[in-house]
Amino acid sequence: MPVIEYIEAIRTAMKEEMERDPEVFVLGEDVGLKGGVFGTTKGLQQQFGEARALDTPLSESAIAGVAIGAAMAGMKPIAEMQYSDFMFPATNQIISEAAKIRYRSNNDWSCPVVIRAPIGGGVFGGLYHSQCPESVFFGTPGLKIVAPSTAYDAKGLLKAAIRDPDPVLFFENKKCYRLISDEVPEEDYVVPIGKSKVMREGSDITVIGYSMPLHFAMQAAEELSREEGVEAHILDLRSLQPLDRSGILEAASKTGKILIIHEDNKTGGIGAEVAAIIAEELLYDLDAPIRRVCGPDVPAMPINPPGEKHFLLNKDKLKAEMLELARY
Amino acid sequence: MTQSGTVRHESRHAALGLTDEQAVAMYETMMLARRYDERGQLLQRAGKINFHISGITQEPSQVAMGFAMDRERDWFLPYYRDYGFVLSVGMTVKELMLSIFAKAEDPNSAGRQMPGHFGCRRLRIVTGSSPVTTQVPHAVGFALAAKMRGEPQVAIVSFGEGSSNQGDFHEGCNFAGVQKLPVIFVCQNNQYAISVPFSKQSAGRIADRAIGYGFPGFRVDGNDPLEVYRVVKEARERALAGEGPTLIEIMTYRVTAHSTSDNDLAYRTKEEVEFHKAKDAIPAFRQYLIEHGLWSDEKEEELAKRHRAVIDEATEYAEKAPFQSPEDSVRYVYAEDEGEAR
């Protein structure tokens with residue numbers, strides 16, 4: 001099976017879906033000839049023409065709003081937000097419109113739009129090229145939210161998102177783009193939205209998270225296994241909305257010691273909901289208080305290297321937390 | 001349109017390609033919108049419904065907009081005062097009444113949304129919300145879809161002059177201008193954004209903004225429905241010819257309070273309102289039809305009787321109709337046939 005980069009997985013998902021369905025198109029700033037500021041849409045305009053890899057004005061609310069209109073007309077638009085930090089002008093369109101179109105029309109209208117937005121830091125992007133805005137949209141009924149950590153899931157989830165009859169926010173991690181490569185089948189497949197995945201089997205502690213920090217957890221887990229004999233069970237949520245409740249409970253009950261990780265800041269983050277789900281169902285099966293390791297509650301990460309490093313999760317931070325939890 | 005070879009002086013409506021029947025139908029639709037609207041106000045005052053928002057004095061131009069479009073092909077994105085518009089593209093008084101009573105059978109939202117939040121796929125009326133102007137980029141999206149599919153369709157979107165200051169107005173216009181999309185932006189300038197008069201909303205003319213986006217903008221007297229019809233029809237023809245969008249600013253006046261929750265005499269005088277009420281376009285259009293031998297007092301009486309019967313029946317039906325069950329009111333957050341690929 002070929003090993004490809006995370007960014008390549010996203011690109012091939014779009015390419016294959018555009019080949020499969022003439023109603024699929026991508027729109028956003030710089031997505032055309034340039035192929036996106038990260039290269040995610042590279043080659044799409046050459047293959048599908050200007051209309052289907054559409055360069056738009058620098059105008060996020062219109063990118064989302066026009067995509068929503070086209071989706072209501074039956075097209076399958078993929079709207080690209082250049083950085084998730086810049087999607088807030090489109091928030092009214094996403095929360096007031098896309099999320100509510102089916103509900104407010106009593107199922108008469110629907111909005112099968114995909115909004116892709118790169119999240120995450122570690123690229124010296126400073127405050128406004130590094131954010132994780134998941135928690136802003138999380139908890140908005142009517143939206144689906146996915147955040148893959150691997151190339152396999154990026155491709156499969158993006159295909160699922162494009163084919164989904166409802167609006168899906170696709171949060172791709174820009175640090176993963178070229179850092180993460182894994183096996184991706186050449187044949188068509190989808191990863192179902194709403195299903196988590198066990199990344200590593202273990203019996204001592206359970207780590208639950210999504211996106212880039214899981215790779216640090218995996219590295220830490222290997223070291224802990226080698227050095228301390230601690231076996232971590234690691235669950236990739238993959239979908240943030242809907243959360244895979246049964247997958248979370250199963251992973252949590254496996255060890256009774258739960259560490260939740262994400263780069264988005266701690267307060268009001270996805271981890272709070274995951275912790276609440278576990279507390280609601282499994283409190284008496286726990287062997288330790290639920291812990292969270294997340295971005296600090298500061299507005300966003302600074303560009304200076306020590307500041308950025310301090311904000312971000314890494315293998316060593318997670319390793320220390322995981323070991324402490326294992327010894328609890 | 002070529003006329004049959006009579007020597008009769010060609011009327012304004014005939015010159016625009018409207019048959020006598022269509023001109024009369026326009027009048028009847030204006031009157032229906034007016035009577036429906038008046039009933040809505042009464043029902044609210046009587047405590048039968050919770051809320052009504054009025055489009056009184058704006059109906060003639062709204063009806064003209066609807067009549068200038070193709071009900072089978074075009075896309076309609078109305079705003080919350082557009083009773084005349086939605087009636088002219090096929091919504092019924094019964095459907096409006098079901099909406100105002102918030103009943104399950106309401107095709108707009110099954111009684112989920114406030115009245116005036118139109119939407120009906122069957123009638124090509126696109127579902128709308130309360131945060132104003134969000135529908136402008138949607139109309140651009142419908143026009144983009146039409147262009148991509150090569151379908152001869154035009155999207156027409158309406159909004160108030162208050163909305164014309166939202167980012168979505170500018171972002172939508174700019175996008176449509178760049179792509180030369182088949183969309184008509186209609187600003188119904190009724191002089192008030194709730195209590196804020198036009199003089200405190202904009203230092204210029206809304207129509208002039210079109211220049212900045214590279215397409216034509218026209219200001220039209222909303223009390224002249226035939227002129228509104230002409231301008232919208234020409235905009236539609238340009239759109240179909242691939243010449244891109246048009247911005248139309250319809251000058252009108254909101255004679256009612258913003259809604260049944262507003263006391264407008266807190267910010268404007270009765271004299272000002274009366275001055276504009278006297279310019280109501282409906283009697284003027286009636287007079288026009290009379291002068292062309294298309295209308296009479298008898299017909300007026302018959303119409304009033306017919307409308308009253310339709311509205312009474314719709315009111316009674318809607319009042320008795322069931323609400324959506326609480327169980328059903330939590331449905332359709334997502335598609336229920338999950339995972340179905342379209």
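The basis for the numbers below is simple: all heavy atoms, side chains too, and nothing from hydrogens, waters or symmetry mates. Convention: sequence-line order gives letters A, B, ...; per-chain numbering from 1.
Per-residue counts of heavy-atom pairs under 4.5 Å with chain A were compared for B:Cys120, B:Ser130, B:Ala155; the largest is that of B:Cys120. Heavy-atom pairs under 4.5 Å with chain B were tallied for A:Ser61, A:Pro192, A:Pro141; the largest tally goes to A:Ser61. Comparing B:Ala104, B:Pro131, B:Gly128, B:Ala139 by how many heavy-atom pairs each has under 4.5 Å with chain A, the most go to B:Gly128. Contacts with chain A were tallied for B:Asp106, B:Val126, B:Asp328, B:Val330; B:Val126 has the most, counting heavy-atom pairs under 4.5 Å.
The backbone N or O of B:Ala335 sits less than 3.5 Å from a side-chain atom of A:Asp166, completing a donor-acceptor pair. With hydrogens and angles ignored, the 3.5 Å screen pairs a side-chain donor or acceptor of B:Arg112 with a backbone N or O of A:Tyr103.
At most 12 non-hydrogen atoms from other residues, nucleotides or ligands lie less than 6.0 angstrom from NZ of A:Lys195. Within 6.0 Å of OH in A:Tyr128 there are 12 or fewer heavy atoms belonging to other residues, nucleotides or ligands. Crowding of A:Glu50 atom CD: a count of heavy atoms from other residues, nucleotides or ligands under 6.0 Å not exceeding 12. The local environment of CG in A:Leu127 is crowded, with over 12 non-hydrogen atoms from other residues, nucleotides or ligands closer than 6.0 Å. The number of heavy atoms from other shown groups lying within 6.0 Å of CG (B:Asn50) does not exceed 12. Within a 6.0 Å sphere centred on NZ of B:Lys147, heavy atoms belonging to other residues, nucleotides or ligands number more than 12.
For the pair A:Ala62 and B:Pro137, the tightest heavy-atom approach, listed with the atom from each and the gap, is CA-CB, 4.5 Å. The shortest heavy-atom contact between B:Met148 and A:Ala51 is CE-O, 3.6 Å.
Of the atoms belonging to A:Leu27, it is side-chain heavy atoms, and not backbone ones, that fall under 4.5 Å from chain B. In this structure, chain A has a heavy atom under 4.5 Å from the side chain of B:Arg149, while its backbone stays farther away. Of the atoms belonging to A:Asn106, heavy atoms from both backbone and side chain fall under 4.5 Å from chain B. Looking at B:Gln324, only its side chain comes within 4.5 Å of chain A, counting heavy atoms on both sides. Using a 4.5 Å cut-off between heavy atoms, A:Glu60 touches chain B through its backbone atoms (N, CA, C, O) alone.
A:Gln93 and B:Thr134 form no side-chain donor-acceptor contact under 3.5 Å, judged by distance and modelled atom types alone. Of the N and O atoms on the side chains of A:Arg104 and B:Thr127, at least one donor lies less than 3.5 Å from an acceptor on the other residue.
Residues B:Leu144 and A:Leu54 have side chains in contact (heavy-atom distance under 4.5 Å, counting atoms from C-beta outward). Using a 4.5 Å heavy-atom threshold, the side chains of B:Tyr332 and A:Asp108 count as separate.
Heavy-atom proximity under 4.5 angstrom to chain A picks out nothing from residues 87-103 of chain B. At a heavy-atom cut-off of under 4.5 Å, chain A is reached by B:Asp168 from residues 158-170 of chain B, listed in order of number. Within residues 174-186 of chain B, the residues approaching chain A closer than 4.5 Å by heavy atoms are, in numerical order, B:Asn174, B:Phe175, B:Val178, B:Gln179.
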Give the intermediate values and the outcome of side chain to side chain contact (heavy atoms under 4.5 Å, CB included) for residues B:Ser129 and A:Glu97.
CA-CA 7 Å; B:Ser129 66; A:Glu97 301 300 319; 2.4 Å; yes

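For the side chain to side chain contact (heavy atoms under 4.5 Å, CB included) test, residues two or more places apart in sequence or in another chain that qualify with A:Ser196 are A:Leu235, A:Asp244.
A:Trp109 contributes atom CH2, which lies 11.5 Å from atom NE2 of B:His138 (distance to the nearest 0.5 angstrom).
Geometrically, A:Arg102 does not engage B:Tyr334 in a cation-pi contact defined by less than 6.0 Å to the ring centre and at most 45° from the axis.
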